[in-house]
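Got a structure for you, questions after.
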Amino acid sequence: MRLLRQIHAHTCTRLLPTSVASFALSKIHAFAALSPLGDATYARRLFSQMDNPNVFSWNSMIRASSRQPSSSKEPIFLFKKMLRTGRFIPNSYTIAFVLKACSVLAAAGEGRQVHKRALQCGFESNPFVQTSLVKLYARCDYICDARKMFDEIADKNVVAWSTMISGYAKTGLASEGLILFREMQVAGVEPDEVTMVSVISACAVAGTLELGKWVHTFLKKRKIEMDVELSTALVNMYAKCGCIDRAQEIFKAMNVKDAKAWSSMIMGFAIHGLADDALNTFSEMEDAMVKPNDVTFVGVLLACAHSGLVPAGRMYWSKMMDYGIEPSMELYGCMVDLLCRTGTLDEAYAFVETMHITPNPVIWRMLLGGCKKRGNLDPGESISRKLLSVEQNNAENYILLVALYASASQWDKVKLVRKDMQDRGIKPVPGCSYIEVGGFLHKFLMADWCHPDAHEIKEALKDISNRVSSAGHSPLTSFVLHNIGEQEKATALCEHSERLAIAYGLLKTKAPMIIRVVKNLRVCGDCHEVTKIISKVYSREIVVRDRVRFHKFSEGICSCNDFW
DNA sequence: GTAGGGTTAG
């Protein structure tokens, strides 16, 4: 900045041709606004003093303002201001910067307006504008619009492909992302480390361990440098796919660990029910002087919730406040979940009333679930009203209410709710889960019987249940053992045949259906209820909808034919 | 001077 000030002074005191002075000032401004060594206040002052800032300078201002950590709409206001002057026509850079700002804010409405403007200005074929639009729509959950934009790109480069793959992964459409990765290879576009991060992310969402391992080998083969993002993605993928040991290996080998890396590891332990490991990792993080963020605490509180550590949960909540972290909806959710597990519904309800943001349906649903658990009709009905007033079309809400009335033997009301559902045309969505065993992807849908091994799987599940019982544990205990960290004990109760692996796999964290069950565990609470949930899982009719053959990936050869 | 990456409750 000292040098820049000198140059600035020089520019002002010399009689330079206007065009030269204007060019120099815009560069000086850009440096002050955008360089890590710059000075935002200086830049702002300089900008306000410019007689006639050019489009370049407006762009610098817009870009700089969207880099501020506070998510304000300033970049959009600046853009509007620029248009209002009537003297400036935005160029493709302007549009790209504003679109990026809209993506960060997930501002779909503003984004669409900027999109229109981009068309008016004739930037529909600009690759930067196009990719920004893909990103924007994916970010705002308009994944079809994102795909439309992507398809319109004539010459798709690695950035365009990566954006779309990442968009799919982030919206939970993992298999679409993986299919697109395949298409990218067919198209002959070389993936880079950014692409691979998104692909790994998609593997994590889909729970495709074999594919995830293949990608890992691919990275090594290609000697793609392991940066913090790639390693974090791998930690997350292995953890989500049930390989917590491998996740930990990769984590330990990381030279640089930032808050996201630590959070991934903590979250990994938490979803495996390894509360001690999660909490110890958190302590190590503090020792390493890495400042935890909100997601870190989601992991920590999740670990507490899954192990019924209520006092610890309260302690971490206040610790979180000490760190100055503003509780997000997810964090409130973790805490409500934790409190609902203890049997102190009043405390959970009182906690919700202290929230400084409006509770979303998830929060109400957790409370309602808590009421259902104890047949607590009184607050249950009023909570249900609140829930249905903000979310009328979710079948889950009605089913919970039905269950609440059923738990209190109010059969007339059960009928009424069912009729209400019918009148509104609301149909329940059956639960679904996937597991990959020996290179096959098995998909299970509730009440479906198409899996070729359905009967054997059912038998295997029964077998596990029986052996768990005969070992002196109820199925509940087995689940609890598994989820409070005594994984070995739980694992020892199973054999290693493939059929059992499928069955056991279902019991592990990666199947969404099981995750739901595990999260519903009331470790300190009502055993009867949990046993009921688990027995539902055991006797669930299991079927494969489709059986996709994964290619056996040999040695990480990465030609497109070897993929899938 | 532009576009793409990792962690988030039910």
### Presence of donor-acceptor pair under 3.5 Å, side chain of Ser132(A) and base of dA3(B)
no
### Message
Rounding to an integer number of Å, can you tell me how far Asn91(A) CG sits from dT2(B) P?
### Response
13 Å
### Task
Check every atom of dG4(B), dG6(B), dA9(B) against the side chain of Val194(A) and return the nucleotide holding the closest atom.
dG4(B)
#### Entry: Interatomic distance where CE belongs to Met265(A) and C1' belongs to dG6(B) [whole Å]
14 Å
### Task
Tell me what Ser162(A) touches on the nucleic acid: a base, only sugar-phosphate, or nothing, going by heavy atoms under 4.0 Å.
base
### Query
Base, sugar-phosphate alone, or nothing: which one does Ser60(A) contact when heavy atoms must sit under 4.0 Å apart?
nothing
### Query
Which nucleotide sits closest to the side chain of Ser92(A): dT2(B), dG4(B), dA9(B)?
dT2(B)
### Query
Would you call the rings of Trp317(A) and Tyr332(A) parallel, tilted or perpendicular, where under 30° means parallel and over 60° means perpendicular?
tilted
#### Entry: Pi stacking test for Tyr93(A) and dG1(B): under 5.5 Å apart, planes under 30°
yes
### Integer-rounded Å distance: dT8(B) P and Leu331(A) CG
13 Å
### Query
Only one of Tyr137(A), Tyr142(A), Phe123(A) clears ring pair (Phe, Tyr, Trp, His ring centres under 6.0 Å) with His115(A); which?
Tyr137(A)
### Query
Are side-chain N/O atoms of Asn293(A) and Thr296(A) paired as donor and acceptor at under 3.5 Å?
yes
### Query
Distance under 6.0 Å and angle within 45° of the ring axis: does Lys156(A) meet both against Phe150(A)?
yes
### Query
Given the rule in the side-chain contact (heavy atoms from CB on, under 4.5 Å) test, do Tyr316(A) and Leu301(A) qualify, once you have shown the distances and angles that lead to the verdict?
CA-CA 7 Å; Tyr316(A) 285 111; Leu301(A) 292 173; 4.2 Å; yes
### Task
Respond yes when some side-chain nitrogen or oxygen of Asn59(A) is under 4.0 Å from OP1 or OP2 of dG1(B), and no when none is.
no
### Task
Measure up the Trp364(A) and Tyr349(A) rings against each other and bin them: parallel (under 30°), tilted (30 to 60°), perpendicular (over 60°).
tilted
### Query
Is any side-chain N or O of Asn157(A) under 3.5 Å from a base N or O of dG4(B), one able to act as donor and the other as acceptor?
no
### Message
Does dG6(B) have OP1 or OP2 under 4.0 Å away from a side-chain N or O of Lys257(A)?
### Response
no
### Query
Counting side-chain heavy atoms from C-beta on, which of dG4(B), dG5(B), dA9(B) comes nearest to Ser198(A)?
dG5(B)
### Query
Heavy atoms under 4.0 Å, any strand shown: does Lys27(A) hit a base, just sugar-phosphate, or nothing?
nothing
### Message
Suppose we call a contact any N or O donor and acceptor under 3.5 Å apart; does that hold for the side chain of Asp192(A) and the base of dG5(B)?
### Response
no
### Query
Taking CE from Met61(A) and C1' from dT2(B), how many angstroms apart are they, rounded to a whole number?
18 Å
### Query
Heavy atoms under 4.0 Å, any strand shown: does Asn360(A) hit a base, just sugar-phosphate, or nothing?
base
### Task
Would you mind telling me which of dT8(B), dG6(B), dT2(B) lies closest to the side-chain atoms of Phe97(A)?
dT2(B)
## Note on the structure
Out of dG6(B), dT7(B), dG4(B), minimum distance to the side chain of Lys240(A) belongs to dT7(B)
### Query
So what does Val158(A) touch, heavy atoms closer than 4.0 Å: a base, only the sugar-phosphate, or nothing?
base
### Message
Does Thr163(A) contact dG4(B) through a side-chain donor or acceptor facing the base, at a distance under 3.5 Å?
### Response
no
### Query
When we call it a touch if two heavy atoms are under 4.0 Å apart, what does Ala160(A) touch: a base, just sugar-phosphate, or nothing?
nothing
### Task
Compare side-chain N and O positions of Lys170(A) against OP1 and OP2 of dG6(B) and report whether any pair is under 4.0 Å apart.
yes
### Query
Under 4.0 angstrom, heavy atoms only, what part of the nucleic acid is Gln130(A) near: base, sugar-phosphate, or nothing?
nothing
### Query
Within this structure, what is the CG-to-P distance between Asn126(A) and dG4(B), rounded to whole angstrom?
13 Å
### Query
Under 3.5 Å, is there an N or O donor on one side and an acceptor on the other linking the side chain of Asp227(A) and the base of dG6(B)?
no
### Side-chain heavy-atom pair Ser57(A), Phe47(A) within 4.5 angstrom cut-off
yes
### Query
Heavy atoms under 4.0 Å, any strand shown: does Met329(A) hit a base, just sugar-phosphate, or nothing?
base
### Under 4.0 angstrom between Lys260(A) side-chain N/O and dG5(B) OP1 or OP2
no
#### Entry: Short side-chain N/O contact from Lys156(A) to OP1 or OP2 of dG4(B), under 4.0 Å
no
### Task
Indicate yes or no: does Lys257(A) engage Glu284(A) in a salt bridge with an N to O separation below 4.0 Å.
no
### Query
What's the CE-P distance between Met320(A) and dT8(B), to the nearest Å?
17 Å
### Task
In whole angstrom, give the distance that lies between atom CD1 of Ile271(A) and atom P of dT8(B).
8 Å
### Length of the line joining Met226(A):CE and dG5(B):P, which is rounded to integer Å
19 Å
### Message
Once you apply a heavy-atom cut-off of 4.0 Å, does Val228(A) come out as touching a base, just sugar-phosphate, or nothing?
### Response
base
### Query
Heavy atoms under 4.0 Å, any strand shown: does Thr195(A) hit a base, just sugar-phosphate, or nothing?
base
### Query
Taking the side chain of Phe56(A) as heavy atoms from C-beta outward, which of dG1(B), dG6(B), dT2(B) is closest to it?
dG1(B)
